[in-house]
Number of protein chains: 2
Amino acid sequence: MKTLKYSRQREAIMNYLAQTKEHPTADTIYMNIRETYPNISLGTVYRNLNLLVEQGEIIKFSCGDGCDRFDGNADPHYHFVCKRCSKVYDLDMKIDSLNHINLIANAGFDGEVLGHSTIFYGYCPDCKTLS
Amino acid sequence: MKTLKYSRQREAIMNYLAQTKEHPTADTIYMNIRETYPNISLGTVYRNLNLLVEQGEIIKFSCGDGCDRFDGNADPHYHFVCKRCSKVYDLDMKIDSLNHINLIANAGFDGEVLGHSTIFYGYCPDCKTLS
DNA sequence: GTCCTTGCAAATAGTTTGCAAGCCG
DNA sequence: CGGCTTGCAAACTATTTGCAAGGAC
């Protein structure tokens with residue numbers, strides 16, 4: 001984890017991620033940053049996102065749609081994906097409320113279960129009444 | 001879910017998946033089928049895998065390494081990925097033993113949580129003593 | 001001045017698709 | 001035969017990388 005030299009492109013990415021709850025893809029981030037820095041390249045966006053993930057400043061996760069999503073909230077938390085509108089929500093359940101499932105998984109398994117990665121799905125508040 | 005016309009390529013794919021516990025990628029499947037049918041193309045493998053997933057005969061899932069993996073065991077079950085050797089194992093926990101986490105996730109969330117997708121990780125039986 | 005960072009373009013990996021020929025029913 | 005299936009190659013999507021120029025410290 002090396003120290004990073006300042007760059008306004010990286011700062012713009014962090015600022016953008018800090019003020020959105022959309023869990024955007026790299027491409028969405030690129031589109032948005034381009035409104036302020038029209039010359040930024042997609043490669044730079046990817047490079048900085050990966051650096052920020054390495055530093056633990058942001059989180060990268062996949063919600064099953066093939067492309068990675070980024071979250072400016074680096075505190076561990078669970079995500080919810082709407083089956084209808086595909087929007088991703090943060091769940092504010094306590095992060096250790098699912099710790100016990102590692103034990104359940106480890107029962108009858110001869111290895112050592114240390115953690116899990118879970119995504120919840122269903123209908124979001126907006127879509128719940130429609131479907 | 002239309003009825004499929006017989007093809008020996010598809011049968012070879014099903015047979016291969018039925019006798020392995022490796023959770024292979026499309027490419028691994030391709031390599032193996034090619035020993036019997038040297039002319040089979042990767043496109044055919046992908047097309048058939050997707051058809052079989054649609055029919056519910058096999059399962060497709062991602063273990064976070066970017067490429068999809070396939071499982072000839074279509075009964076719902078959880079998977080475990082080893083942090084060291086990256087092998088994927090089936091867990092034989094009862095499938096409904098984690099049903100309750102949907103309720104935990106739904107508490108304090110205004111949408112409707114219907115399910116979840118979970119992968120466990122840690123050290124497998126072989127790697128547990130080494131790391 | 002050194003070395004990290006950028007923009008650009010080309011490369012890569014995994015997967016999908018168009019098309020003419022082949023095979024199942 | 002009609003229409004699903006195949007092999008082949010090209011296309012596509014998401015992401016990474018090489019390189020010379022630019023910027024931070």
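Nothing here was measured: the structure is a model prediction, and the numbers come from that model. Reminder, nothing fancy here: chain letters follow the sequence lines and each chain counts from 1.
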Please determine whether any donor N or O and acceptor N or O are separated by less than 3.5 Å between the side chain of A/K5 and the base of C/dC4. no
Do A/L17 and A/L42 sit in one hydrophobic cluster, given that two such residues count as connected whenever their side-chain heavy atoms are within less than 4.5 Å of each other, even indirectly? yes
Does a side-chain N or O of [X] approach OP1 or OP2 of [N] to a distance below 4.0 Å, or not?
X	N	result
A/S7	D/dG23	no
A/S41	C/dC8	no
A/N50	D/dT16	yes
B/Q9	D/dG7	yes
B/Y46	C/dT16	no
B/R47	C/dT17	no

Considering only heavy atoms, which members of residues 13-28 of chain A lie under 4.0 Å from some atom of DNA chain D? none
How long is the line joining [atom1] of [X] and [atom2] of [N], in whole Å?
X	N	atom1	atom2	answer
B/R10	D/dG7	CZ	C1'	15 Å
A/K60	D/dT16	NZ	C1'	10 Å
B/D65	C/dT15	CG	C1'	14 Å
A/Y37	D/dG22	OH	P	18 Å
B/Y30	C/dA13	OH	C1'	15 Å
B/N48	C/dC24	CG	P	14 Å
B/D68	C/dA13	CG	P	17 Å
B/L49	C/dT15	CG	P	10 Å

Could you check whether any side-chain N or O of [X] sits under 3.5 Å from a backbone N or O of [Y], counting only pairs where one atom can act as donor and the other as acceptor?
X	Y	value
B/R10	B/N48	no
B/D110	A/P125	no
B/R84	B/K128	no

For the residue pair B/F80 and A/F109, categorise the inter-ring angle as parallel (less than 30°), tilted (30 to 60°) or perpendicular (more than 60°). tilted
Could you pick out which residue, B/F70 or B/Y6, lies toward the 5' side of DNA chain C when each is mapped onto its nearest nucleotide? B/F70
Assign each of B/L4 and A/P38 to its nearest nucleotide of DNA chain C by heavy atoms, then name whichever residue's nucleotide is nearer the 5' end. A/P38
Tell me, do B/I104 and A/F120 make a side-chain contact under 4.5 Å, heavy atoms counted? no
I'd like to know if the side chain of A/K60 pairs up with that of A/N50 as donor and acceptor (distance under 3.5 Å, no hydrogens or angles considered). yes
Please determine, by modelled atom types, if A/H116 and A/N102 share a side-chain donor-acceptor pair under 3.5 angstrom. yes
How would you label the contact of B/L42 with the nucleic acid (heavy atoms, under 4.0 Å): base, sugar-phosphate, or nothing? base
What's A/I40 touching, base or sugar-phosphate or nothing? Going by heavy atoms closer than 4.0 Å. sugar-phosphate
